[in-house]
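Worksheet: one structure, shown below.
If you read the sequence from its start, that first residue is 1, and numbering goes on from there.
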Amino acid sequence: MPSLVISIDGTIIKEVALTKERTTLGRRPYNDIVISNLAVSGEHALLHCVDGRVSIEDLHSTNGTYVNQQRITRQDLQHDDQLHIGQYQLSLQFSPQEHAAWAATAAATQPACLRIAGDATREVALVKPVTTLGKPGVAVAAITRKATGFTVARTEGADGSLRLNGLAVGHEARPLQHGDLIELAGTQLYFLLLQPSA
């Protein structure tokens, strides 16, 4: 069963098992996980646990929810992901068996890369769980590798700074298909699925 290890300034405060399908997190006392800190909204975030998979959804909090230093709206979580809410750090932990099962599923995802349009020699391999592209403060996109495939979402930048096949992409993740054209702040990249070696 997955759990959250909650700490502040490197000191672990508690570990909470995620036993419910929906676990609320916030400052108000009726939340499942209560964090009494003014930087935490009354109803800050919601954790979803379905079929062994965990995701977190920000509930329009004032100071935001961060996963591995990236502000998110909703994000699938993986073993050892680091969440930041206010001054608190939360680390998602799976049991060794759960982590092994997740790793095996993730490994089955078909490999992919991004190719710079007009330059077949420049590629970015998509091997990490999350690959970020762009310039912080201007426009940043996150490509997430999941067992079901790849998605892209805008994590930073103005509306329209990230486009998928000509259509603007916001903070909600959009699935990627072989041959899709991604435009990020004027740079064009093709998303390509690679054939696994025989």
Side-chain angles (χ1 to χ4, degrees), residues 1-26 31-35 37 40 44-59 61 63-114 124-133 136 140-156 171-176 191 193-194 196:
M1 166 183 319
S3 64
L4 276 181
V5 178
I6 304 172
S7 61
I8 186 168
D9 297 328
T11 302
I12 295 176
I13 299 169
K14 60 182 171 180
E15 182 172 356
V16 180
L18 300 177
T19 58
K20 298 166 59 178
E21 193 170 301
R22 292 164 55 90
T23 301
T24 59
L25 189 154
N31 285 287
D32 298 307
I33 300 173
V34 178
I35 300 180
N37 184 283
V40 178
H44 197 104
L46 176 64
L47 288 151
H48 301 267
C49 299
V50 180
D51 296 330
R53 304 182 68 83
V54 181
S55 64
I56 188 166
E57 178 183 358
D58 183 79
L59 298 177
S61 64
N63 294 315
T65 300
Y66 292 78
V67 177
N68 301 326
Q69 309 299 323
Q70 299 287 331
R71 186 167 183 164
I72 58 92
T73 304
R74 181 166 179 156
Q75 176 83 37
D76 285 340
L77 298 176
Q78 294 154 15
H79 176 72
D80 221 20
D81 271 349
Q82 302 300 308
L83 288 64
H84 287 83
I85 293 177
Q87 304 297 313
Y88 290 77
Q89 296 83 48
L90 301 88
S91 175
L92 181 69
Q93 299 296 313
F94 286 99
S95 71
Q97 294 86 355
E98 289 169 327
H99 183 234
W102 175 86
T105 304
T109 304
Q110 193 173 4
C113 72
L114 294 175
V124 177
L126 300 173
V127 294
K128 298 188 294 184
V130 179
T131 301
T132 55
L133 308 164
V140 177
I143 295 181
T144 303
R145 176 179 179 158
K146 304 178 181 180
T148 53
F150 292 82
T151 62
V152 64
R154 174 169 52 88
T155 60
E156 200 174 323
H171 295 293
E172 294 298 319
R174 298 268 299 280
L176 288 169
F191 173 78
L193 288 171
L194 306 175

Extract all donor-acceptor atom pairs below 3.5 Å that involve side chains of residues 82-90 and protein atoms in other chains or at least two apart in sequence.
| from | atom 1 | to | atom 2 | distance (Å) |
| --- | --- | --- | --- | --- |
| Gln82 | NE2 | Asp80 | O | 2.8 |
| Gln82 | NE2 | Ser91 | OG | 3.2 |
| Gln89 | NE2 | Gln87 | O | 3.1 |

Between side-chain atoms of residues 6-21 and protein atoms elsewhere (two or more places apart, or another chain), which donor-acceptor pairs fall under 3.5 Å?
| from | atom 1 | to | atom 2 | distance (Å) |
| --- | --- | --- | --- | --- |
| Glu15 | OE2 | Ser3 | OG | 2.7 |
| Lys20 | NZ | Asp32 | OD1 | 2.8 |
| Lys20 | NZ | Asp32 | OD2 | 3.3 |

Checking side-chain contact (heavy atoms from CB on, under 4.5 Å) for the pair Leu4/Leu47: CA distance, chi angles, key distance, verdict? CA-CA 10 Å; Leu4 276 181; Leu47 288 151; 3.4 Å; yes

May I have the step-by-step check of side-chain contact (heavy atoms from CB on, under 4.5 Å) for Leu46 and Thr23, ending in yes or no? CA-CA 6 Å; Leu46 176 64; Thr23 301; 5.8 Å; no

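Residues His171 and Arg154 share a closest heavy-atom pair of ND1-O, 2.6 Å. Scanning all heavy atoms of the two residues, the minimum distance from Arg145 to Leu126 falls at NH1-O, 3.4 Å. What you find for Val54 and Cys49 is that their closest heavy atoms are CG2-SG, 4.0 Å. Taking all atoms of both residues into account, the shortest heavy-atom contact from Ala125 to Cys113 is CA-CB, 4.1 Å. Nearest heavy atoms, Gln78 versus Phe94: C-CE1, 3.9 Å.
In this structure, the side-chain contact (heavy atoms from CB on, under 4.5 Å) partners of Arg71, at least two apart in sequence or on a different chain, are Tyr66. With sequence neighbours excluded, the residues satisfying side-chain contact (heavy atoms from CB on, under 4.5 Å) with Thr155 are Gln70, Val140, Ala142. Scored by the salt bridge (charged side-chain N to carboxylate O under 4.0 Å, His left out) test, Arg174 finds no partners at all (sequence neighbours excluded). Remark: Ser61 engages His44, Asp58 in a side chain to side chain donor-acceptor pair (under 3.5 Å) (not counting sequence neighbours). For Asp81, the side chain to side chain donor-acceptor pair (under 3.5 Å) criterion is met by Asn68, not counting sequence neighbours.
To the nearest 0.5 Å, the span separating CZ on Arg53 from CG on Asp76 amounts to 5.5 Å. Atoms CG and CG, from Leu25 and Leu59 in turn, are 9.0 Å apart once rounded to the nearest 0.5 Å.
Just one of Val130, Leu114, Val124 meets the side-chain contact (heavy atoms from CB on, under 4.5 Å) condition when paired with Ile143; it is Leu114.
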